[in-house]
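First the proteins, then the strands, lettered A, B, ... as listed; each starts at 1.
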Number of protein chains: 2
Amino acid sequence: MSLQQDVELMRNIPLFAKIEPSKLKLLAFTAERLTFGQGDLVCKQGDEGDSAYIIIDGEADVIVDTANGEVTVATLKKNDFLGETAILCDVPRTATVKAKSDLETLMISKDLFFQLVGQFPSMSIEIMRELARRVERTTVQLREAVSQQA
Amino acid sequence: MSLQQDVELMRNIPLFAKIEPSKLKLLAFTAERLTFGQGDLVCKQGDEGDSAYIIIDGEADVIVDTANGEVTVATLKKNDFLGETAILCDVPRTATVKAKSDLETLMISKDLFFQLVGQFPSMSIEIMRELARRVERTTVQLREAVSQQA
């Protein structure tokens, strides 16, 4: 795929929507495209991790180990990001992410991630917004789980 | 309290630690200090909200309504922030926050919040980091609740 096509692709990712095209070129040079087959693991709970991923195409399940086996806590789709917790918090992967279909991703290294959020406040705001939504969604699931216990 | 004292106070809040003192003066002018007595509500689940808060002193419980009544899902303490979800996601307050002790806060309006994260990437990173931790913490609680169901 040409650089121009890569830039076009990135312009359509909401996380990068407000970044000028000239700066997207640098991102297109630096970020790596990685594809996974259905059933492949993007990352594994407990492993070290120094990259985040943006889904360009396909779906992936977020799976956590529990005392009762694996539980799928979310399904990620096009334009969703994943893997940010390990690089933000310097902790091992907090969940396993498995390709639910063939999956195309953009891999963002830890260094690039911090460069991007340092340069592009609009990207930081989108990430904060999505993280706040995830806190809320998980809190709702927790509320329901607690309600069912009583 | 003098402006200089306010700036000193803000320098000791980790969220603002990397912001230059000259810029903290502007923040000290713009942010409002609000105190609450024990048992007072800082915000109420379901209400509209257009401010976030940083706790300067004291503790506050984060409470959500469930089918079985109120559940305290977290306790916030000095330097923690709250209320960011309503302003990031344009949704009503997702939880009630009640002062567990006398509580001193710095109130940050929605406008000021977006100004700050636009200007200070270090602040954005700290907020993302804390939100990622909250996703993780809530996921662990959810995992435990699901395990107890079986």
Side-chain angles (χ1 to χ4, degrees), chain A residues 18 45 52 62-74 81-95 110 113-150, chain B residues 18 45 52 62-74 81-95 110 113-150:
Chain A
K18 291 181 183 158
Q45 186 174 339
V62 182
I63 299 162
V64 292
D65 286 330
T66 76
N68 303 313
E70 294 185 341
V71 174
T72 299
V73 292
F81 58 84
L82 64 104
E84 73 294 340
T85 305
I87 62 180
L88 277 168
C89 303
D90 281 320
V91 294
R93 295 294 186 196
T94 54
K110 185 172 181 168
F113 180 87
F114 283 110
Q115 272 180 48
L116 290 171
V117 298
Q119 276 184 62
F120 305 116
S122 65
M123 193 178 142
S124 300
I125 290 170
E126 281 309 313
I127 295 174
M128 280 187 254
R129 195 164 271 156
E130 175 57 22
L131 289 173
R133 273 190 217 114
R134 291 183 188 175
V135 174
E136 172 52 10
R137 196 169 54 210
T138 323
T139 305
V140 169
Q141 287 176 305
L142 176 63
R143 203 154 65 199
E144 285 167 3
V146 169
S147 298
Q148 282 168 21
Q149 271 172 25
Chain B
K18 291 181 184 158
Q45 188 174 339
V62 182
I63 298 162
V64 292
D65 285 330
T66 76
N68 305 313
E70 294 185 338
V71 174
T72 299
V73 293
F81 59 84
L82 63 106
E84 73 294 340
T85 305
I87 62 179
L88 277 168
C89 303
D90 281 319
V91 294
R93 294 295 186 194
T94 54
K110 186 172 179 166
F113 180 86
F114 283 111
Q115 272 180 48
L116 290 172
V117 297
Q119 278 184 61
F120 305 117
S122 65
M123 195 179 140
S124 300
I125 290 170
E126 281 307 314
I127 294 174
M128 281 186 255
R129 195 164 272 158
E130 176 58 22
L131 289 173
R133 271 189 218 115
R134 289 183 190 177
V135 174
E136 171 53 11
R137 196 169 53 209
T138 324
T139 305
V140 168
Q141 287 176 305
L142 176 63
R143 202 154 64 198
E144 285 168 3
V146 169
S147 298
Q148 283 169 20
Q149 272 171 25

Look at A/Val140, A/Val71, A/Thr139 and state which one has the largest set of heavy-atom pairs under 4.5 Å with chain B.
-> A/Thr139

Contacts with chain A made by residues 124-131 of chain B (heavy-atom distance under 4.5 Å), listed by residue number | B/Ser124, B/Ile125, B/Ile127, B/Met128, B/Arg129, B/Leu131

Qualifying residues under side chain to side chain contact (heavy atoms under 4.5 Å, CB included), relative to B/Ala95, sequence neighbours excluded | B/Val62, B/Val64

Please identify each residue that fulfils side chain to side chain contact (heavy atoms under 4.5 Å, CB included) with A/Asp65, with sequence neighbours left out.
-> A/Gln45, A/Glu70

Looking only at heavy atoms, the pair that brings A/Ala145 and B/Ala145 closest together is CB-CB, 3.8 Å

Atom pairs and distances, donor-acceptor, side-chain atoms in residues 82-91 of chain A, under 3.5 Å, two or more places apart:
unit_1	atom_1	unit_2	atom_2	d
A/Glu84	OE2	A/Arg134	NH1	3.2
A/Asp90	OD1	A/Lys110	NZ	2.5

Can you tell me how far CZ of B/Arg143 sits from OG1 of A/Thr138, rounded to the nearest 0.5 angstrom?
-> 12.0 Å

